[in-house]
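Here is the naming used below: chain letters follow the sequence lines, and residue numbers restart at 1 for every chain.
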Number of protein chains: 2
Amino acid sequence: IIEIKNLKKNYTLGKTLVPALRGLNFTVETGDLLSVIGPSGSGKTTLLNIIGCIDFPTEGSVRIGHEEITLMNDKQITQIRLNKIGFIFQTFNLIPVLDVAENIEFPLLLMKKHSKKEIRKHAEKLADDVGLKDFLRHRPAELSGGQRQRVAIARALVTNPDIVLADEPTANLDSQTGAQILELMKKMNEQEKTTFLFSTHDPNVLKYARKIVQLKDGLIIKESCN
Amino acid sequence: IIEIKNLKKNYTLGKTLVPALRGLNFTVETGDLLSVIGPSGSGKTTLLNIIGCIDFPTEGSVRIGHEEITLMNDKQITQIRLNKIGFIFQTFNLIPVLDVAENIEFPLLLMKKHSKKEIRKHAEKLADDVGLKDFLRHRPAELSGGQRQRVAIARALVTNPDIVLADEPTANLDSQTGAQILELMKKMNEQEKTTFLFSTHDPNVLKYARKIVQLKDGLIIKESCN
Ligand SMILES: Nc1ncnc2c1ncn2[C@@H]1O[C@H](COP(=O)(O)OP(=O)(O)OP(=O)(O)O)[C@@H](O)[C@H]1O
Ligand SMILES: Nc1ncnc2c1ncn2[C@@H]1O[C@H](COP(=O)(O)OP(=O)(O)OP(=O)(O)O)[C@@H](O)[C@H]1O
Ligand SMILES: [Mg+2]
Ligand SMILES: [Mg+2]
């Protein structure tokens with residue numbers, strides 16, 4: 001479902017070129033649970049942002065569902081991002097003025113496929129799944145770090161996307177709460193065949209991965225099956 | 001150096017009362033390496049924010065260096081926060097328009113105790129200690145999550161404070177980079193007798209702790225020596 005060929009990404013900083021990705025090649029099959037690992041600064045977020053159609057490559061090919069996203073226009077990219085992908089940001093990126101329920105249901109309101117009542121019910125179910133049933137009226141600033149992270153997780157899963165990109169999804173969670181989230185994702189993967197691509201430093205997340213891709217300085221140094 | 005008695009903190013959310021801390025009692029000796037652990041939402045950040053003089057208690061006593069901070073005025077609190085405490089936020093709180101070197105040296109500029117040249121030299125030394133020697137001109141938005149976290153760590157250590165409060169300091173770091181940071185803190189603790197209070201979910205951080213305080217729903221359920 002995801003095919004990456006010779007993917008390169010350069011950032012420019014004043015006059016300096018920062019090569020964050022230097023030519024990546026790998027494939028993710030439908031229903032895979034793949035984990036990207038590597039030191040801080042090795043390019044994990046950059047890679048996930050490109051697959052998530054949030055950033056664009058400098059060079060190379062990225063196919064999602066056999067469609068080349070580097071050839072798409074803004075409208076097509078927005079459609080893929082909304083309908084096919086769920087993204088859990090390393091920095092959460094919640095909307096500060098909305099409460100927990102409103103943050104989670106937000107992408108469903110954009111898709112306009114269900115009634116408001118059904119949408120709210122579904123969002124509250126996801127809030128309960130991530131342990132935040134008693135925090136629905138809290139705004140992001142009125143939550144702990146790990147609670148904000150869980151709102152971001154629920155928001156990415158609520159649209160039942162084909163692909164979930166999770167950037168360090170358990171970084172702010174204790175191991176028990178983290179396990180609850182990983183079990184939720186595993187269930188989705190078994191029941192809906194959702195494809196998961198994690199970036200992580202957490203050994204507990206790696207236990208759930210079936211494939212592991214190891215990055216170092218913007219290059220893949222190892223691919224293995226778990 | 002830190003004495004907590006019957007510490008309570010309530011947040012108000014509309015008409016609801018959220019009791020984040022429900023009466024904590026513990027002591028930290030000078031030169032301790034103490035770790036606070038507990039599930040997401042158990043009150044770790046709330047506790048560190050109060051000891052760090054960033055937030056105030058609803059009830060109870062907090063002594064730092066035998067001085068009762070709940071009886072201090074704003075000016076005294078600001079002095080303690082600047083001169084005695086280094087704080088590493090769970091959300092980093094870097095200044096977006098300043099680059100890495102400028103963010104790290106910022107508290108030293110506020111203290112006005114050294115020349116600008118000395119301050120910049122010291123800030124660049126700390127940047128090198130946390131592995132960011134090649135990123136001095138990057139702004140926070142031009143850094144990875146773990147690189148931003150390391151800038152926040154360097155900024156907290158650069159003033160050589162009596163007490164360092166570190167809220168999940170390794171959450172965005174791979175284990176090798178995390179170990180580099182913990183070794184740096186251990187060295188400071190041995191050489192300067194700096195007191196460290198970590199909040200963490202990371203088992204690697206716990207290895208460095210000599211005391212562990214376990215929180216659950218705003219109460220201490222266990223205190224142990226490591
Ligand atoms: N401003 C606020 N208003 C209302 N409730 C709040 C506010 N800030 C925090 N809380 C609540 O207080 C409780 C403790 O939060 P705190 O941030 O201290 O937890 P934590 O142990 O640091 O969690 P984590 O490991 O997820 O970072 C949480 O349940 C949170 O929802
Ligand atoms: N906008 C930018 N401008 C310049 N350099 C950037 C920019 N964004 C990222 N970088 C650099 O690209 C490299 C890769 O960053 P990336 O965020 O992908 O790393 P990462 O593997 O996610 O790290 P972490 O585990 O710390 O989150 C880093 O060295 C970073 O400094
Ligand atoms: Mg990252
Ligand atoms: Mg916290």
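- Residue B/Tyr11 places its OH atom among more than 12 non-hydrogen atoms of other residues, nucleotides or ligands, all under 6.0 Å distant.
- Of the two parts of B/Thr91, only the side chain, counted from C-beta on, holds a non-hydrogen atom closer than 4.5 Å to a non-hydrogen atom of chain A.
- Looking at heavy atoms from C-beta onward, B/Val18 lies out of side-chain contact with A/Glu142 at the 4.5 angstrom threshold.
- Ranked by heavy-atom pairs under 4.5 Å with chain A, the first of B/Arg150, B/Gln176, B/Glu168 is B/Arg150.
- Summarising the geometry, atom CG belonging to A/Asp134 is positioned 11.0 Å from atom OG1 belonging to B/Thr16; distances are rounded to the nearest 0.5 Å.
- Looking at B/Arg139, there are no atoms closer than 4.5 Å to chain A (heavy atoms on both sides), in backbone or side chain.
- Here A/Pro39 is the residue among A/Gly38, A/Pro203, A/Pro39 with the most heavy-atom pairs under 4.5 Å with chain B.
- Among A/Leu173, A/Thr177, A/Thr46, A/Thr170, the residue with the largest count of heavy-atom pairs under 4.5 Å with chain B is A/Leu173.
- Between the side chains of B/Asn172 and A/Gln90, a donor-acceptor pair is found at a separation under 3.5 Å.
- Counting only heavy atoms from C-beta outward, the side chains of A/His201 and B/Ser175 never approach each other to under 4.5 Å.
- Between chain A and the options B/Gly146, B/Ser40, B/Gly178, heavy-atom pairs under 4.5 Å are most frequent for B/Ser40.
- One finds the CG atom of B/Leu13 at 4.5 Å from the NE2 atom of A/His138 (value rounded to the nearest 0.5 Å).
- When the shell of 6.0 Å around CZ of A/Phe26 is examined, it contains more than 12 heavy atoms from other residues, nucleotides or ligands.
- Ranked by non-hydrogen atom pairs under 4.5 Å with chain A, the options B/Gly131, B/Gly41, B/Ser42 are led by B/Gly41.
- More than 12 heavy atoms of other residues, nucleotides or ligands lie within 6.0 Å of CD in A/Glu223, so this atom counts as buried by the packing criterion.
- Of the listed residues (B/Asp202, B/Asp174, B/Thr200), the greatest number of heavy-atom pairs within a distance under 4.5 Å of chain A belongs to B/Asp174.
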